Amino acid sequence: MNSARSPWWYRQRGPLFAALYVVSFVLGESIWGLLGNFYEPFYRVAGAHLGANGPAIVLSLAIASTALCFGLRVWGSSYLSAGKVWNPDARPTT
């Protein structure tokens, strides 16, 4: 075995990330429910402090900010083409 190889955890990062995802998102909610705690969406918890229409307000703000960020991402992807990002005259300074 070559001693210059990368560590095992780096070579197996794909399965490790998958396991971490499953444990935290899938099993985490199941374990939380088995402990007697039940999931309630954040917009309802945060909106409860704002009155009867609070959850709708928080949910609307979340949807609006998501749409704004998505639009910014689409604009950035379409504007920042290779011609804008890469300099064709770049030279190494050695």
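Basis for what follows: all heavy atoms, side chains included, without hydrogens, waters or symmetry-related copies. Since the structure is predicted, the reported quantities are computational estimates derived from the model, not experimental observations.
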Worksheet item: Where does the angle between the aromatic ring planes of Tyr79 and Trp75 fall among parallel (under 30°), tilted (30 to 60°) and perpendicular (over 60°)?
Response: parallel
Item to complete: Determine, stepwise, if the pair Leu20 / Leu16 fulfils side chain to side chain contact (heavy atoms under 4.5 Å, CB included).
Response: CA-CA 6 Å; Leu20 179 64; Leu16 285 173; over 6 Å; no
Worksheet item: For Pro7, which residues count as a side-chain contact (heavy atoms from CB on, under 4.5 Å) partner, sequence neighbours excluded?
Response: Trp9, Tyr10
Practice prompt. Any chance you could measure Gln12, atom CD, to Ser6, atom OG, to the nearest 0.5 Å?
Written response: 9.5 Å
Worksheet item: Is there any side chain to side chain donor-acceptor pair (under 3.5 Å) pair reaching into residues 42-66, and which pairs are they, with sequence neighbours excluded?
Response: none
Worksheet item: Hey, what do you get for CD1 (Ile63) to CG (Leu59), rounding to the nearest 0.5 Å?
Response: 4.0 Å
